[in-house]
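In what follows, chains are A, B, ... by sequence order, proteins preceding strands, each numbered from 1.
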Protein chains: 2
Amino acid sequence: MARAADVSLATASRALNGMRVTPQLRDRVLAAAAQLAYTPNAHARALAGASHRTVGVICHDVTDPYFAAIAGGVMRIAGANDLLVMLASTFRDPEREIAYVSMLRAERAPAILLIGSGFEDARWERAMEAELKPYLDGGGRVAVVSRHRSLKVDSVLPENRAGAAAMARALLELGHRRFAVLSGPHALTTVIDRLGGFRDELAAAGVTLDPAHVVEGPFTRDGGYQAMTELLDRGLDATCVFALTDVMAIGAYAALRDRGLSVPGDVSVAGFDDIPIVRDLTPPLTTVALPLRELGEKVMELALTENTTRRRRIVRMTGEVVVRASTAKVGV
Amino acid sequence: MARAADVSLATASRALNGMRVTPQLRDRVLAAAAQLAYTPNAHARALAGASHRTVGVICHDVTDPYFAAIAGGVMRIAGANDLLVMLASTFRDPEREIAYVSMLRAERAPAILLIGSGFEDARWERAMEAELKPYLDGGGRVAVVSRHRSLKVDSVLPENRAGAAAMARALLELGHRRFAVLSGPHALTTVIDRLGGFRDELAAAGVTLDPAHVVEGPFTRDGGYQAMTELLDRGLDATCVFALTDVMAIGAYAALRDRGLSVPGDVSVAGFDDIPIVRDLTPPLTTVALPLRELGEKVMELALTENTTRRRRIVRMTGEVVVRASTAKVGV
DNA sequence: CTGAAAGCGCTTACAG
DNA sequence: CTGAAAGCGCTTACAG
């Protein structure tokens, strides 16, 4: 410790933490610290009551541009508040998600952000609550984006249902009547909301979505490729394919290209999220644009500001349909 | 603590850590722990000598598919070894990079991985060494990918120079003689290597790269867009544009499209890295393919395996030129 | 196998 | 402003 190096004692602590200390002593301590490449042990520090400056963010997959974009927003606000942020990926493994929360909780991180749809699974919900409750009671802050009927925490909610419904209307307006959907795992709340919103809105317009036209795959590029391929193998009977996620739409593009089919010449394709890359595709993708960075900024802000209401706060974020070149007009 | 809840004392510690304890007591402790939603304080634990299971990974920007892909590889190996990983983004701010290392060091993370080119900056190098040296001396493991002439740690090195040279040859072979380069910040070692390798190989073939044809921008999609636009404004005098990074090439595509120029009809474009999305562009991008996931897997492995040699270990990873549709043959 | 005790490295009231 | 002391919550030799 810097102490031996100098003559003072726990005054070093004060000097290092910028509390009032005679400039002389201050300098001596700081010099010694620099000389020894001294780094205060964060654990001891935390144990003794000092607080952490590193918030934890848990998402499904950093490799996915959707989460990356949201994480970008989180980091912007964190940076502006002089906080560091560490990111974790669960790869949609509920166990691992809980392991991360548990770790962050054990580390006494000042805030935990959960990014991405929760799992519709009673066991998971209970385990998660068991972790979060004591953390919150201990003064920890938790905020989430999208998910979690069950978790009683501040949330940023993309309007998945309304967005998918709006997309249905836009597609109907273009003249489409026969649809297929590239769907994701049914255990995800996001899937349920988007698929439900889309289907219900079609139904409201008297168009039924044939269950055989809904193919489920992982929420990845390859998942989209496979799902689209399967659809094609069954003999695609639709003028328009709605991918529940832009990332899946990218896979669908590839699958169609590999079959020599053109978008939107042979079939229209639409997505959801408006991840940045989607504008750079050929053709640019029609999608429901979510303000991704902003979602991230908002959760971080929620976690940073005191909740003075007695209920959990909910920030809803609207998605807007952006019609680009991937969806053609169809004669009615 | 679980202690009060039961009757035993620090035996609880043993029970919780799976050491030999009478099943009876074990059960009692475990039950109490579950009941209280008890989570051992990781700080106290670490302070008392137990070791951490969470490695830290520091990269420039998780939002960039290049880093995301490498991080994916890291996580695969980490997961297989029952380690959690937390990811940090520096956004190419040297100060912040050091802040993260310092934090990870203070937290006594078992390993720190630095992903991405270092800064050619003496002050930064010194500060970084000052952080890393004591960490290593304290038993911490450090491994890096790409960078760091100065840091004496285990490294995974993409062959940037050779890759760029190979790209030069491939492009020459297609008949190109007049080139432009979309370059990144000169403070990054990656830029120096790739630009140097490209330029030198051209020179070896008697083709000089006009310095006015090398435009510098940030290593981002928008950086590529701007650089390409600037090139166009100057009156592009080249048949082929080499972007030092795929991400920049994506921006270049957009800039060209906005000017109504076609790739490769009006100008050929080549990139570097082979990030996943690049295959899905229209046209698919010619690039130097780096085994990104594997880079990540290798650094994690380096950090996990003891270095029994007396020197630092270096794993070189070769990049391979993949000619796709974005580069046209040109009459010689 | 299981207690009682010391110690991990800091911070923070408490006196001085 | 600056010491001396207690305590943060665990783990781990050390006896028993």
J.: Base of dG9(C), side chain of R108(B) - is there a donor-acceptor contact under 3.5 Å?
T.: no

J.: Give each stem of DNA chain D as a range with a range, requiring at least 3 consecutive Watson-Crick or G-U wobble pairs whose two distances are under 3.5 Å.
T.: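 Result, WC/G-U stems under 3.5 Å: C:1-3 with D:14-16, C:5-12 with D:5-12, C:14-16 with D:1-3.
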
J.: Is the ring centre of F67(B) less than 6.0 Å from the ring centre of H60(B)?
T.: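 Centroid separation for F67(B) and H60(B): below 6.0 Å.
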
J.: If you only use heavy atoms from C-beta on, which nucleotide in dC1(D), dA13(C), dA13(D) is closest to the side chain of T22(A)?
T.: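 Nearest listed nucleotide: dC1(D).
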
J.: Could you tell me the separation between the CZ atom of R14(B) and the C1' atom of dA4(C), rounded to a whole number of Å?
T.: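 R14(B) atom CZ is separated from dA4(C) atom C1' by 11 Å.
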
J.: For a quick check under 3.5 Å, do R312(A) and S155(A) share a side-chain donor-acceptor pair by atom type?
T.: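 Yes, because at least one side-chain N or O of R312(A) sits under 3.5 Å from a partner of the opposite role on S155(A).
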
J.: Using residues 104-112 of chain A as the side-chain source, report each donor-acceptor pair under 3.5 Å to any protein atom, sequence neighbours left out, with the distance given to one decimal.
T.:
unit_1: R105(A); atom_1: NE; unit_2: T39(B); atom_2: OG1; d: 3.3
unit_1: R105(A); atom_1: NH1; unit_2: E131(A); atom_2: OE1; d: 2.8
unit_1: R105(A); atom_1: NH1; unit_2: T39(B); atom_2: OG1; d: 2.4
unit_1: R105(A); atom_1: NH2; unit_2: A37(B); atom_2: O; d: 2.5
unit_1: R105(A); atom_1: NH2; unit_2: T39(B); atom_2: OG1; d: 3.0
unit_1: E107(A); atom_1: OE2; unit_2: H52(B); atom_2: NE2; d: 3.2
unit_1: R108(A); atom_1: NH1; unit_2: R105(A); atom_2: O; d: 2.9
unit_1: R108(A); atom_1: NH1; unit_2: A106(A); atom_2: O; d: 3.3

J.: Could you tell me how far apart E107(B) (CD) and dG9(C) (C1') are, to the nearest whole angstrom?
T.: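 To the nearest whole Å, that distance equals 15 Å.
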
J.: Taking only residues two or more places apart in sequence or in another chain, which ones pass side-chain contact (heavy atoms from CB on, under 4.5 Å) with E301(B)?
T.: I77(B), K298(B)

J.: Which value, in whole Å, describes the distance between the P atoms of nucleotides dC10(D) and dC14(D)?
T.: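 These two P atoms come out 24 Å apart once rounded.
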
J.: Side chains of N307(A) and T309(A): is there a donor and an acceptor less than 3.5 Å apart?
T.: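 Distance-only check passes for N307(A) and T309(A).
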
J.: How far does the C1' atom of dT12(D) sit from the matching atom of dG16(D), given to the nearest Å?
T.: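 Looking at atom C1' only, dT12(D) and dG16(D) are 16 Å apart.
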
J.: Counting side-chain heavy atoms from C-beta on, which of dG9(C), dT12(D), dC10(D) comes nearest to A44(B)?
T.: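 For the A44(B) side chain, the nearest candidate turns out to be dC10(D).
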
J.: Quick test of your reading of the model: are E306(B) and R141(B) salt-bridged, counting only N-O distances below 4.0 Å?
T.: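 Salt bridge present between E306(B) and R141(B).
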
